[in-house]
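Everything below concerns the one structure shown next.
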Number of protein chains: 2
Amino acid sequence: MTPTPQTLTAERILEATEEVLRRHGPAKATVVDVARALGVSHGSVYRHFSTKAALREAVTKRWLDRTSDSLSGIVAEDRDPEARLRDWFTALFAAKRRKAGDDPELFATYMVLTEESGGAVGEHLAELTGQLRRMVQAGVEAGTFSTDDPDATARALFHASRRFHDPRYAPEWEQPGTEAEFDAVVDLLLRGLKA
Amino acid sequence: MTPTPQTLTAERILEATEEVLRRHGPAKATVVDVARALGVSHGSVYRHFSTKAALREAVTKRWLDRTSDSLSGIVAEDRDPEARLRDWFTALFAAKRRKAGDDPELFATYMVLTEESGGAVGEHLAELTGQLRRMVQAGVEAGTFSTDDPDATARALFHASRRFHDPRYAPEWEQPGTEAEFDAVVDLLLRGLKA
DNA sequence: CAGCTGACAGATTTCAATATCTGTCAGCTG
DNA sequence: CAGCTGACAGATATTGAAATCTGTCAGCTG
């Protein structure tokens, strides 16, 4: 039952920053704007994030983590690894395409953010290939997949499917035939994985 | 034995434009510069290319065609389709990586040009997937490959390997481990293709 | 008279003056 | 005294006036 203007916390700053980015876009969002939205001076924001870049990277990390978290459910399921892999790719592509289609401006904002925060993106890519590796290993243990280096194979799967999750291809995702191309690539990859 | 200032031809304009682009970069290269380099008025250039965009697209087309032409030799060889495919991917990756590494500024210039000339790029992609399709079909006829739709498979091969020929990934091509990733992706794709 | 020139209008880019923002810190406040 | 404020210096962004460029075309030239 506490009212909104509680103590200033990193979490509240991140929420306000997301809102400011949504409203103003990445080029015009300033930390003065964020401070104003919170009713504090901009000096207070610097008490929690030492730099504007650090603040933006933290927002980026939250956004990327939301995607990995939603996919981790599929990885954890107790099912045929091939079906899980297929569903994982489908879910990743669908999530990205939905975000890009529903709110193109916000998507463009996060594209700018990811380009500038190399560290958070690197961690995100590592997390996703880690999820792939777990499913590949499950398939190898079940005898349906065959590979001598599950980690390298996981990275290969990730790179071979970039056309369908790398934001830079977003403009091509709505063109006719993309769905069929996605299916053809996934089919080819899963065939190559079979024992 | 004719001296340089011959009659003004589309070919000579294209050569001069390439030179101006190399010198000034895509942002500062003007058609006045091109005319000056040729010793004519800029009005004369417009007699051969109706628009600055058309001129730039023609330059782009020439550059893209040079790549496809160098690869068509591999397609035409009378050899095991699997070996040809592997060599084709290797040659494409090597050519792109060499261009990006040898003269990064010129490569950046052509990246800008390709982004603005959609038509020429579309044709180039169609040419490359056409080359892939011919090798896939040869493999199907030889009984070493299996697919119900060689054209869709060719496009899948192309998209699955974009990490290694799409210029947007050029900054990642020099990072250690890229070679191994390339091999892993090609191995996976060729495995998926086998009968 | 086929091909080139150069002046022109409107669009785009450049540049420098001005305004705003980032990051710091001495001091205020509850 | 922990946490916040607001003034400040240097860096970055905005703005609008001036310069340059694109595309056209009437007329020149060989």
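Here is how names work: the chains are called A, B, and so on, in the same order as the sequence lines, proteins then strands, and each is numbered from 1.
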Can you check the R12(A) CZ to dC4(D) C1' distance for me, whole Å?
14 Å
According to a 3.5 Å limit on both distances, what stems of 3 or more consecutive Watson-Crick or G-U pairs are formed with DNA chain C?
C:1-30 with D:1-30
Does S41(B) make a side-chain N or O approach to OP1 or OP2 of dT5(C) shorter than 4.0 Å?
yes
In whole Å, I'd like the distance from the CZ atom of R47(A) to the C1' atom of dA26(C).
12 Å
Measure from NZ or CZ of R133(B) to the centre of the six-membered ring of F158(B), then state whether that distance is under 6.0 Å and the direction lies within 45° of the axis.
no
Show the nearest heavy-atom pair for residues A10(A) and H48(A), with the distance to one decimal.
N-ND1, 3.8 Å
By nearest-nucleotide position on DNA chain C, the 5'-leaning member of A27(B) and S44(B) is S44(B)
Strictly below 4.0 Å, N to O, side chains only: are R62(B) and D65(B) in salt-bridge contact?
no
Under the side chain to side chain donor-acceptor pair (under 3.5 Å) test against T67(A), which residue among H165(A), K96(A), K99(A) passes?
K99(A)
Between the protein and nucleotides 17-24 of chain C, list every N/O to N/O distance that falls short of 3.5 Å.
from, atom 1, to, atom 2, distance (Å)
dT22(C), OP1, V31(A), N, 3.3
dT22(C), OP1, K52(A), NZ, 3.0
dT22(C), OP2, V31(A), N, 3.1
dG23(C), OP2, Y46(A), OH, 3.0
dG23(C), OP2, K52(A), N, 2.6
dG23(C), N7, H42(A), NE2, 3.2
dG23(C), O6, H42(A), NE2, 3.0

Residues Q131(A) and E127(A): side-chain donor-acceptor under 3.5 angstrom
yes
Run the side-chain hydrogen bond (donor to acceptor under 3.5 Å, both in side chains) test against T17(B) and tell me which residues pass, sequence neighbours left out.
none
Whole angstroms only, please: what is the CG-C1' distance between L8(B) and dT29(D)?
16 Å
Taking E57(B) first and then K61(B), would you say they form a salt bridge - that is, a charged N and a carboxylate O separated by under 4.0 Å?
no
Within 45° of the ring axis of F93(B) and under 6.0 Å from its six-membered ring centre, is that where the NZ or CZ of R97(B) lies?
yes
Could you tell me the separation between the NE2 atom of H24(A) and the P atom of dT14(D), rounded to a whole number of Å?
12 Å
